[in-house]
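Structure, as structure tokens:
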Amino acid sequence: QEHLVESGGGSVQDGGSLRLTCAASKAIVDYYCMAWFRQAPGKEREGVGSFARDGSTRLAESVKGRFIISKDTSKNSLYLQMNALSPDDTAMYYCAAAFGDVCDSSTRWAIAGAFPYWGQGTQVTVSS
């Protein structure tokens with residue numbers, strides 16, 4: 001069972017910033033497609049961004065220009081830098097991983113069902 005652990009969530013004001021961290025095994029960080037998802041109450045889980053094995057990244061249109069996804073293989077971690085946060089960004093944020101070419105697809109990377117491995121999530125709350 002692969003193990004993903006998110007941290008860095010919290011409560012911030014509108015316009016603030018947070019950086020989420022996903023700690024994973026070296027095998028996952030080196031060889032898996034990794035992604036961030038979020039789920040707000042009453043809504044479906046949606047893809048926020050992905051980091052492919054070749055280093056390419058994708059971001060949802062709703063966060064482009066505000067969020068940055070990155071990875072540090074020396075620390076076995078995936079990050080999500082979130083800037084200019086708004087109340088619409090309030091959600092539980094999850095780290096996910098999948099072996100194979102999920103991240104190479106412009107559509108599959110954002111589908112929760114394509115990822116078999118998940119962390120427990122970290123809550124982000126943005127107040128106006």
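When hydrophobic clusters are built by joining Ile, Leu, Val, Met, Phe, Trp and Tyr residues whose side-chain heavy atoms come closer than 4.5 Å, directly or via intermediates, Y32 is not grouped with I111. Each of V29 and I68 belongs to its own hydrophobic cluster when Ile, Leu, Val, Met, Phe, Trp and Tyr are linked at side-chain heavy-atom distances under 4.5 angstrom. Linking Ile, Leu, Val, Met, Phe, Trp and Tyr whenever their side-chain heavy atoms come within less than 4.5 Å leaves M34 and V5 in two separate clusters. I28 is not connected to W109 by any chain of hydrophobic side-chain contacts under 4.5 Å among Ile, Leu, Val, Met, Phe, Trp and Tyr, and they are in different clusters. Using a 4.5 Å cut-off between side-chain heavy atoms of Ile, Leu, Val, Met, Phe, Trp and Tyr, with links allowed through other members, F115 and M92 fall into the same hydrophobic cluster.
Side-chain contact check for S17 versus Q81: some heavy-atom pair is nearer than 4.5 Å. Using a 4.5 Å heavy-atom cutoff, the side chains of C33 and R108 are not in contact. Contact check for M82 versus V124: side-chain heavy atoms found under the 4.5 Å cut-off. Considering only heavy atoms from C-beta on, R58 comes within 4.5 Å of S106 through its side chain.
Separating the CZ atom in R45 from the CZ atom in R38 is a distance of 13.0 Å, to the nearest 0.5 Å. Atoms CG and OG, from L80 and S70 in turn, are 8.5 Å apart once rounded to the nearest 0.5 Å. One finds the OG1 atom of T73 at 6.0 Å from the CG atom of D30 (value rounded to the nearest 0.5 Å). Once rounded to the nearest 0.5 Å, the distance linking OG1 of T21 with CG of N76 reads 12.5 Å.
Heavy atoms only, all atoms of each residue included: A52 and D104 are closest at CB-OD1, 4.1 Å. In this structure, G9 and L20 approach most closely via the heavy-atom pair N-CD2, 3.6 Å. Residues V48 and Y93 come closest through the heavy atom pair CG2-CE2, 4.3 Å. In plain terms, the two heavy atoms of G47 and A60 that are nearest each other are O-CB, 3.5 Å. Across P116 and A97, no two heavy atoms sit closer than the pair CD-O, 3.3 Å. When all heavy atoms of Y94 and G119 are compared, the closest pair comes out as CD2-O, 3.7 Å.
With S11 as the fixed residue, the side chain to side chain contact (heavy atoms under 4.5 Å, CB included) test singles out one of V126, L18, T90, T125: T125.
In terms of modelled atom types and a separation under 3.5 Å, the side chain of W36 and the main chain of Y79 share a donor-acceptor contact. R19 places no side-chain N or O within donor-acceptor distance of the main-chain N or O of G8, the cut-off being under 3.5 Å. With E6 contributing its side chain and Q120 its backbone, the two residues share a donor-acceptor pair below 3.5 Å.
For T107, the side-chain hydrogen bond (donor to acceptor under 3.5 Å, both in side chains) criterion is met by S105, not counting sequence neighbours.
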